[in-house]
Amino acid sequence: MFDNSEETRTGLSELGEFGLIDHLTRHFAPKHSSTIKAIGDDAAVVDFSNKHTLISTDMLVEGVHFDLAYMPLKHLGYKSVIVNLSDIYAMNAKATHITVSIAASNRFTVEALEELYAGIKLAADVYNIDVIGGDTTSSTSGLFISISVFGEAEKEAVVYRDGAQSNDLVVLSGDIGAAYMGLQILEREKQVFKANPNAQPDLEPYTYLIERQLKPEARKDVPKLLKELDLKPTSMIDVSDGLSSEIIHLCKNSKTGVKLYEEKIPLDPAVISVCEEFELDSTTIALSGGEDYELLFTISQSDYDKIKGNPNFTVIGHMTEEHEGMHLITRANQAVELIARGWNSMDKESEEA
Ligand code: ADP
Ligand code: MG
């Protein structure tokens, strides 16, 4: 992960607002021909010609969405971009531009914001994104980051949440639950550190989990893969809040029910072992953990051959008629109702044959 060394401490007021903006944005050269005007005018100008334009915004608030005690600023910058890009990929589109607005209290130095911007720049380079503007202001307490992302897609390619039909297969990219368990590890280490600042934690066994929490990636490759496979999902969403609430969004928007199979949910072995360590149920974590930034989508049964055996994708269930409800079928073959935060273990309403 990143090195986060911070030696000099320049107060924000030393540069002034315009000096600070120039300083933070000096390395952002546009990469896309669609960028007509980037940073430096009253508004950016983008030409998406005859394609659909996609727009999404996410705001991150210190103390609510991140804790600087274990989140280095460079990682925060990187992750702030990732969470936004993920929403565009979830529409089966290409993300191309972002604007970045920040409000920082005088507790932050120029060097600290430079770290934040180093992470933003890295994500913009890795994901081929133009940073075309933003706003910079002060806050009385804490750090706020609001990023807007813009993207493009052929009109016919855009995938919405409301297109799933009964019998469609439910497909997930990657594996889930790791980011949440990474957060549990970091929270635990923070408490250990508070009690004994000299403790040297051995985080090596948790590398994958911590990386999924501190340096997540968005599935830029999935829209590309789907295009290569000539496969258009019937509905799609990104997994930011946990599998359970995301599948409920697809079902409610598409007016379907669903059956997810516990045994099919893809978990990394590190998630399983750390769940044992914390005495948590790994299925509950997968369903309600969140921050995985994987893509959850549905496809017509007739498209199954296109993803069969593909290591990027796992079929985890199928849509049903709306009146059949939304259920997890457990390993013990019980149907348990899915609720927004996980599943309702009190309501084992129907026993499957
Ligand atoms: P205005 O007064 O018109 O709002 P600003 O002085 O706030 O303009 O911004 C000047 C230029 O710098 C604009 O192009 C704006 O989009 C860009 N900008 C301002 N803050 C940021 C930031 N934090 N990150 C990236 N670009 C920024
Ligand atoms: Mg402004």
Side-chain angles (χ1 to χ4, degrees), residues 2 4 6 8-48 53-66 68 71-88 94-152 215-216 218 220:
F2 308 129
N4 181 38
E6 201 187 300
T8 351
R9 295 179 57 85
T10 313
L12 292 182
S13 54
E14 286 177 50
L15 285 183
E17 184 191 329
F18 299 124
L20 179 64
I21 295 171
D22 286 347
H23 189 70
L24 294 177
T25 61
R26 67 195 186 283
H27 298 306
F28 289 123
K31 310 170 180 92
H32 292 278
S33 57
S34 52
T35 308
I36 309 298
K37 184 80 200 180
I39 293 170
D41 213 311
D42 295 309
V45 181
V46 175
D47 179 6
F48 284 125
T53 306
L54 294 98
I55 305 169
S56 179
T57 299
D58 267 304
M59 176 136 126
L60 298 174
V61 177
E62 185 179 358
V64 178
H65 302 101
F66 58 89
L68 291 173
M71 187 67 155
L73 281 158
K74 188 171 176 185
H75 289 76
L76 179 62
Y78 193 89
K79 184 169 175 174
S80 312
V81 176
I82 294 305
V83 305
N84 276 277
L85 302 183
S86 181
D87 283 319
I88 299 295
K94 179 175 147 192
T96 50
H97 302 80
I98 57 171
T99 60
V100 180
S101 298
I102 55 172
S105 69
N106 55 17
R107 179 179 122 232
F108 292 88
T109 60
V110 171
E111 288 75 19
L113 295 186
E114 270 186 283
E115 279 293 306
L116 181 77
Y117 265 74
I120 292 171
K121 167 95 168 63
L122 182 62
D125 288 345
V126 170
Y127 286 83
N128 194 28
I129 304 294
D130 285 351
V131 181
I132 54 167
D135 201 20
T136 308
T137 183
S138 54
S139 99
T140 47
S141 107
L143 179 64
F144 300 75
I145 306 164
S146 172
I147 296 188
S148 293
V149 58
F150 304 81
E152 57 173 45
K215 191 171 176 282
K220 178 186 191 218

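Whatever order the structure lists them in is the order used to number ligands and atoms, beginning at 1. As the structure is a computational prediction, the values presented were derived from the model and not from experiment.
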- Query: So, Glu62 and Arg107, do they make that salt bridge, N to O below 4.0 Å?
  - Reply: yes
- Query: Does Lys79 make a cation-pi contact with Phe66, if we ask for NZ or CZ under 6.0 Å from the ring centre and within 45° of the axis?
  - Reply: no
- Show which atoms of ligand 1 fall inside a sub-4.0 Å distance from at least one heavy-atom site of Asp42. 3 (O)
- Note on the structure: Candidates Ile39, Leu116, Ile147; heavy atom nearest atom 17 (C) of ligand 1 found on Ile39
- Task: Measure Asp135 to ligand 1 on non-hydrogen atoms and call it side chain, backbone, both or neither using the 4.0 Å cut-off.
- Result: both
- Task: Could you list which atoms of ligand 1 come closer than 4.0 Å to a heavy atom of Gly40?
- Result: 11 (C), 13 (C), 14 (O)
- Under 3.5 Å: donor-acceptor pair, side chain of Thr96, backbone of Phe150: yes
- For Tyr117, the ligand 1 atoms with a heavy-atom partner under 4.0 Å come out as 22 (C), 23 (N), 24 (N), 25 (C)
- Got a sec: does the CG of Asn106 have more than 12 other heavy atoms crowding it under 6.0 Å? no
- Message: Please list, in number order, the atoms of ligand 1 under 4.0 Å from a heavy atom of Thr25.
- Response: 24 (N), 25 (C), 26 (N)
- Can you check whether Ile132 has an N/O within less than 3.5 Å of an N/O in ligand 1? no
- Message: Below 4.0 Å from ligand 1: does a non-hydrogen atom of Ser101 turn up there or not?
- Response: no
- Fit a plane to each ring of His32 and His97, take the angle between them on a 0 to 90° scale, and name the class: parallel (under 30°), tilted (30 to 60°) or perpendicular (over 60°). tilted
- Query: Using a distance-only test with no angle check, is there a side-chain donor-acceptor pair under 3.5 angstrom linking Glu111 and Thr10?
  - Reply: yes
- Message: Going by side-chain contact (heavy atoms from CB on, under 4.5 Å), Leu24 matches just one of Val110, Ile102, Leu116, Ile39. Which one?
- Response: Ile102
- Message: Please report whether ligand 1 has a polar contact with Asp41, defined as an N or O pair separated by less than 3.5 Å (distance criterion only).
- Response: yes
- Message: Only heavy atoms of Phe18, strictly under 4.0 Å: list the atoms of ligand 1 that pass.
- Response: 6 (O)
- Query: Is there any N or O on Gly134 that sits under 3.5 Å from an N or O of ligand 1?
  - Reply: yes
- Has the side chain of Lys31 got a donor or acceptor atom that lies under 3.5 Å from a matching backbone atom of Ile129? yes
